[in-house]
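In what follows, a single structure is set out as structure tokens and then discussed.
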Amino acid sequence: MIGAGAIGGVLAEAACDAGHDVTLCVRTQIPGLVVARDGRPRNVPVRILTEDDLAGGAKETSGGRADGAPADWILLATKAHQTASARPWIERLAGPGTVLVVVQNGVDHEARAVTLAPPGPVLPALIYVAAQRSTPGRVLHQWGRRVVVPRGEHGAALAALLAGSGLQVDQEADFQTAAWRKLLSNVAANPITALTTRTVSVLGDPDVRALAEGLLAEAVAAAGAEGARLSPADITATLDLYDGLSPDIGTSMLEDRRAGRPTEHDLISGAVVRAATRHGLDAPLNRAVLALLAAASPPAA
């Protein structure tokens with residue numbers, strides 16, 4: 001598991017629950033992994049492999065397989081703009097048979113993975129989980145358990161890999177539509193909460209609600225031009241999703257903004273703007289929030 005953020009912690013716990021030997025690959029040492037839900041913290045029995053371990057060649061003693069062979073699976077759960085930082089891990093831990101699962105936001109998972117030069121197959125994945133990292137190694141899992149992958153050999157293998165865990169792996173024949181539908185769930189709530197520094201309760205304000213609907217409409221038009229099968233019904237469903245959230249819940253982009261970290265604006269709002277531009281469409285609302293978020297976000301490390 002590359003990435004010890006909120007999603008990486010939830011995925012690592014699920015893999016442990018499914019009976020697998022899990023190594024958590026992190027930049028700097030953490031005391032361990034604790035995942036909490038419903039007020040109950042739980043210690044997750046993962047091994048920790050740091051960048052210093054990697055540089056020192058500690059694969060056989062701190063991570064990877066005990067026999068030094070490549071890992072069977074690598075799950076990449078870093079923020080999308082941190083993808084390049086995973087390349088040293090891929091070079092050390094992956095082999096031709098290693099499946100690299102890219103569990104990130106956005107709609108171009110495979111294109112991002114190409115920059116890592118993985119020697120084996122790549123499996124894009126979408127995750128419907130709300131989780132928050134309170135401190136390094138401590139994750140609060142708020143809700144959600146669904147992972148979506150393309151239908152096929154590797155998607156079926158991931159479903160089998162995580163069978164018996166708290167996560168449900170669904171296979172989609174039309175993964176492009178699934179990816180754009182997942183992006184839709186982020187394209188209004190994430191930038192609006194990040195720019196206002198308010199939780200999803202802000203989406204109840206009438207003027208903000210109109211802005212959210214406009215952002216979603218531009219995204220549906222861009223998705224359709226790209227070949228995804230979205231419709232105005234998806235706008236309604238997304239707004240209904242927002243309405244069903246607890247008003248005190250934040251978004252990952254809000255948490256990053258509050259913590260002074262770079263945000264994933266380029267992979268969310270930027271994806272809509274780039275798709276619209278490719279097809280000669282206008283997306284003024286997404287273009288505006290993209291510019292504001294780019295100005296407000298510190299540069300990615």
Side-chain angles (χ1 to χ4, degrees), residues 1-16 20-35 43-106 109-125 127 131-140 252 255-256 259-264 266-267 297-301:
M1 179 68 59
I2 301 177
I7 297 303
V10 171
L11 287 167
E13 179 194 35
C16 285
H20 303 296
D21 189 18
V22 180
T23 297
L24 194 59
C25 302
V26 299
R27 287 187 174 184
T28 56
Q29 187 64 51
I30 60 176
L33 176 62
V34 176
V35 177
N43 290 304
V44 182
V46 298
R47 289 176 293 172
I48 309 296
L49 184 66
T50 69
E51 288 186 348
D52 287 343
D53 294 329
L54 188 70
K59 172 183 173 182
E60 292 79 6
T61 58
S62 299
R65 284 170 42 166
D67 59 3
D72 297 316
W73 293 82
I74 294 177
L75 276 64
L76 176 62
T78 64
K79 296 286 187 178
H81 54 261
Q82 297 170 332
T83 299
S85 67
R87 184 159 185 159
W89 298 106
I90 303 300
E91 291 174 347
R92 176 62 67 87
L93 301 175
T98 302
V99 182
L100 173 62
V101 187
V102 182
V103 193
Q104 293 177 334
N105 283 324
H109 300 68
E110 290 165 295
R112 267 174 268 148
V114 166
T115 67
L116 302 175
V122 173
L123 180 69
I127 187 162
Q132 180 181 350
R133 188 183 73 163
S134 55
T135 59
R138 297 188 69 90
V139 173
L140 171 63
S252 60
E255 296 304 321
D256 287 340
R261 296 187 294 259
T263 62
E264 289 188 301
D266 189 58
L267 276 298
S297 175

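Numbering of residues begins at 1 and proceeds along the displayed sequence. Only a predicted model underlies this, so the values are computations on that prediction, with no experimental measurement involved.
- Here the side chains of V44 and L24 are not in contact, with every heavy-atom distance at 4.5 Å or above.
- Distance check: T115 OG1 to E110 CD gives 12.5 Å after rounding to the nearest 0.5 Å.
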Determine, stepwise, if the pair C25 / L93 fulfils side chain to side chain contact (heavy atoms under 4.5 Å, CB included).
-> CA-CA 10 Å; C25 302; L93 301 175; 3.8 Å; yes
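- The minimum heavy-atom distance between A80 and R112, with the atom names listed, is CB-NH1, 3.6 Å.
- The line from OG of S297 to CD of E264 is 10.0 Å long, rounded to the nearest 0.5 Å.
- Between V139 and G9, the shortest heavy-atom contact is CG2-CA, 4.3 Å.
- Tested against L116, the residues I74, V102, L76 include a single side chain to side chain contact (heavy atoms under 4.5 Å, CB included) partner, L76.
- Side chain to side chain, T28 and E51 fail the donor-acceptor criterion of an N or O pair below 3.5 Å.
- For the residue pair T78 and G3, the shortest heavy atom distance occurs at CG2-CA, 4.2 Å.
- Between P262 and P299, the shortest heavy-atom distance links the atoms CG-O, 3.5 Å.
- Heavy-atom minimum distance, A12 versus L33: CB-CD2, 3.9 Å.
- A donor-acceptor contact shorter than 3.5 Å is absent between the side chain of R87 and the backbone of A117.
- Separation of atoms CG (L140) and OG1 (T135) is listed at 11.0 Å; rounding is to 0.5 Å.
- Side-chain contact between I90 and I2 is present, with heavy atoms from C-beta onward closer than 4.5 Å.
- To the nearest 0.5 Å, atom CG of residue D256 and atom NZ of residue K79 are 4.0 Å apart.
- The shortest non-hydrogen separation linking P31 to P136 is CD-O, 4.3 Å.
- Side-chain atoms of T83 and Q104 include a donor-acceptor pair closer than 3.5 Å.
- From T23, atom OG1 reaches atom CE of M1 across 10.5 Å, with rounding to the nearest 0.5 Å.
- Rounding to the nearest 0.5 Å places CG of L100 at 11.0 Å from NE2 of H109.
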Stepwise, does the side chain to side chain contact (heavy atoms under 4.5 Å, CB included) test hold for D21 with R47?
-> CA-CA 8 Å; D21 189 18; R47 289 176 293 172; 2.8 Å; yes
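- Residues P118 and T98 are not in side-chain contact: their nearest non-hydrogen atoms beyond the backbone lie 4.5 Å or more apart.
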